[in-house]
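Chain letters run A, B, ... following the sequence lines, proteins first, then strands; residues in each count from 1.
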Number of protein chains: 2
Amino acid sequence: MTEPAPKTRKGAETRDRIVQAALELFESRGYDETTMRDVADRAGVAVGNAYYYFRSKELLLQAYYRELNARVAAAVADVLATERGFEARLRGVLLRKLDVIEPYHRFSAVLFRTAADPASPQNPFSDESRAMREDGIALYRDVLAGSRTKVPGDLAARLPELLWTFDLGVVLFWIHDRTPGRRRTRALIEHSAGLVARLVRLAANPLLAPLRRRAVRLLEELAADGAAAADPSPGA
Amino acid sequence: MTEPAPKTRKGAETRDRIVQAALELFESRGYDETTMRDVADRAGVAVGNAYYYFRSKELLLQAYYRELNARVAAAVADVLATERGFEARLRGVLLRKLDVIEPYHRFSAVLFRTAADPASPQNPFSDESRAMREDGIALYRDVLAGSRTKVPGDLAARLPELLWTFDLGVVLFWIHDRTPGRRRTRALIEHSAGLVARLVRLAANPLLAPLRRRAVRLLEELAADGAAAADPSPGA
DNA sequence: CCGCCGTCTTGAACGCGTTCAAGAACTACC
DNA sequence: GGTAGTTCTTGAACGCGTTCAAGACGGCGG
């Protein structure tokens, strides 16, 4: 995942020492304030050595990011196993995720800064992120599948993507949320889970079928188009 | 807007020469590939002088950004003066905007990269961007006011913000759109304008009043909270 | 034990954005 | 014209992320 996987025991140890040093410094001092020379010093190696294992400073931060994603997945599993209602599952997933990532709010800006660049492999719509994107969508497929809510056929195929986009929106909001304990983000999740659930139920109403079909058609068009040309992203 | 406004005629000329050089180089060579030394050389000044007028390279790029915004506002005025239907106004505004910014798609990544950082003044939710944000919201207040569509009272107060957020979403989509002529973004605008218009009309339906009130309450809560603590951003 | 080859490690050097102390140019007032 | 005070201009220097040519290390076939 991050260049030359160490081939020897010693190599692996050095790599670990570098990651360890980096994470400690990032955490205590912040990303921008930590220099690669600091990291190398603390790990007891030369700067060049850090670059032997990580092509860039940013990639060093990614170690954090991957770790986080794994922990989110673990934290969320338990909600998916217990809750049965769609609203409860959606809310539960988002709140758990929030709990896990909260301590890293400091870094979110840096992570997001690079994730925002369409050219960056960290961008959620990039080819390189395909696996993670699909994991995210699969998560919401599961949220839906495990609940009793019935979703109209045409919408069912697109709804997981839509919910994943909603998740991205919540994270975006979280990044910008400077209230203590991320109070606003919690309020957003608390209330919007109910709203989303109601909207999904509403979408099943036959009176609204024409509108729903229009919306689904748009989503399909964008997705199909994207597969050929660039990225399969939804809109807002 | 960008530090020491020149106090003398000569100062203003130097400043202009620097902006000019920067824009030409950015356009022909790209932002990252242009160095401040290049800019200074082409403008016939010392590096330090460029920094006397612009505190950073990024601020130099902002010259572009502000210029663009002004041109968008101008291009859009004509739509607002002629069109009367809400849908046509919304679609027209977005398409015009797209036409104006299209030639600068190259830079959008760089602009967005910094706009994404919550700590950056260029961030659309920052205090420093308050003026531009409010201009954007005002634009959509105008889109609504000039149309015949009737919007329920409680929603009317929040809808301009919501539409501005939708606008942000479209721009985000555009940034990631790599199809020729930005075909996908055009499709998105083309279809979603109608959808949004229908949704607004739907919101007036008395049967949906409870749902609408819930949504409006959430928006109000987030806005009020934000004013006190950090930023008044909406969610997804 | 030797020599070889892949793996790992070094630190000087590069190019960049940015800062700053020094001074030149200009203006205003006497 | 002289002087004081802005305003503008300079270029060397700094700290950073990053690169790279050179060498040290370590195991394996002979």
Side-chain angles (χ1 to χ4, degrees), chain A residues 2-23 25-26 29-64 107 110-111 113-114 117 119-122, chain B residues 2-23 25-26 29-64 107 110-111 113-114 117 119-122:
Chain A
T2 38
E3 316 331 312
K7 308 275 182 177
T8 79
R9 167 174 296 317
K10 186 148 149 284
E13 275 163 12
T14 306
R15 208 198 105 110
D16 282 354
R17 237 174 325 122
I18 293 167
V19 184
Q20 195 53 33
L23 298 197
L25 288 171
F26 289 168
R29 197 181 300 182
Y31 177 81
D32 286 327
E33 290 69 30
T34 302
T35 73
M36 286 301 274
R37 286 162 180 83
D38 292 340
V39 172
D41 280 358
R42 176 171 257 247
V45 300
V47 255
N49 205 0
Y51 278 95
Y52 178 74
Y53 291 104
F54 299 90
R55 265 216 290 256
S56 73
K57 188 182 175 188
E58 228 175 83
L59 248 36
L60 216 29
L61 188 63
Q62 280 236 29
Y64 240 121
F107 304 142
V110 185
L111 281 169
R113 188 202 296 163
T114 62
D117 185 343
S120 159
Q122 286 181 66
Chain B
T2 38
E3 316 331 313
K7 308 274 182 179
T8 78
R9 168 176 296 314
K10 184 149 150 285
E13 274 162 13
T14 306
R15 207 197 105 111
D16 282 353
R17 234 168 333 119
I18 292 166
V19 184
Q20 196 53 33
L23 297 197
L25 288 170
F26 288 168
R29 196 181 300 183
Y31 178 81
D32 286 326
E33 290 69 29
T34 302
T35 73
M36 286 301 275
R37 285 163 182 83
D38 292 340
V39 172
D41 280 358
R42 175 170 256 246
V45 300
V47 256
N49 204 0
Y51 278 93
Y52 178 75
Y53 292 104
F54 300 90
R55 264 216 291 257
S56 72
K57 188 182 173 186
E58 231 174 80
L59 249 38
L60 215 30
L61 187 62
Q62 281 237 31
Y64 238 121
F107 304 143
V110 186
L111 280 169
R113 188 204 294 161
T114 63
D117 186 343
S120 159
Q122 287 182 64

Take atom [atom1] of [X] and atom [atom2] of [N], then tell me their distance rounded to the nearest Å.
X	N	atom1	atom2	value
Met36(B)	dC14(D)	CE	P	20 Å
Glu33(B)	dG15(C)	CD	C1'	14 Å
Asp32(A)	dG15(D)	CG	C1'	14 Å
Leu61(B)	dG17(C)	CG	P	13 Å
Arg55(A)	dC20(D)	CZ	P	13 Å
Phe54(A)	dT19(D)	CZ	C1'	18 Å
Glu58(A)	dT18(D)	CD	C1'	13 Å

Sequence neighbours left out, what passes ring-ring contact (aromatic ring centres under 6.0 Å, His included) with Tyr51(A)? Give chain and number order.
none
Do any N or O atoms from the side chain of Arg17(A) and from the backbone of Ala43(A) form a donor-acceptor pair under 3.5 angstrom?
yes
Taking salt bridge (charged side-chain N to carboxylate O under 4.0 Å, His left out) as the test, write out the residues that go with Asp32(A), two or more places apart.
Arg113(A)
Tell whether Arg37(B) reaches the base of dG17(C) with its side chain through a donor-acceptor pair below 3.5 angstrom.
yes
Does the protein touch nucleotides 3-10 of chain C at the base, only the backbone, or not at all? Give it as B, S and - per nucleotide, heavy atoms under 4.0 Å.
----SBBB
Return the set of residues passing side-chain contact (heavy atoms from CB on, under 4.5 Å) with Arg37(B) (not counting sequence neighbours), or none when no residue passes.
Thr35(B), Val47(B)
Quick one: side-chain contact (heavy atoms from CB on, under 4.5 Å) partners of Tyr31(B), sequence neighbours excluded?
Phe26(B), Lys57(B), Glu58(B), Leu61(B), Val110(B)
Suppose we screen for side chain to side chain donor-acceptor pair (under 3.5 Å). Which residues come up paired with Glu13(A), at least two apart in sequence or across chains?
none
Nearest to the Ser56(A) side chain among dT18(D), dG17(C), dT18(C), which nucleotide is it?
dT18(D)
So, OP1 or OP2 of dT18(D): does either fall under 4.0 Å of a side-chain N or O from Tyr51(A)?
yes
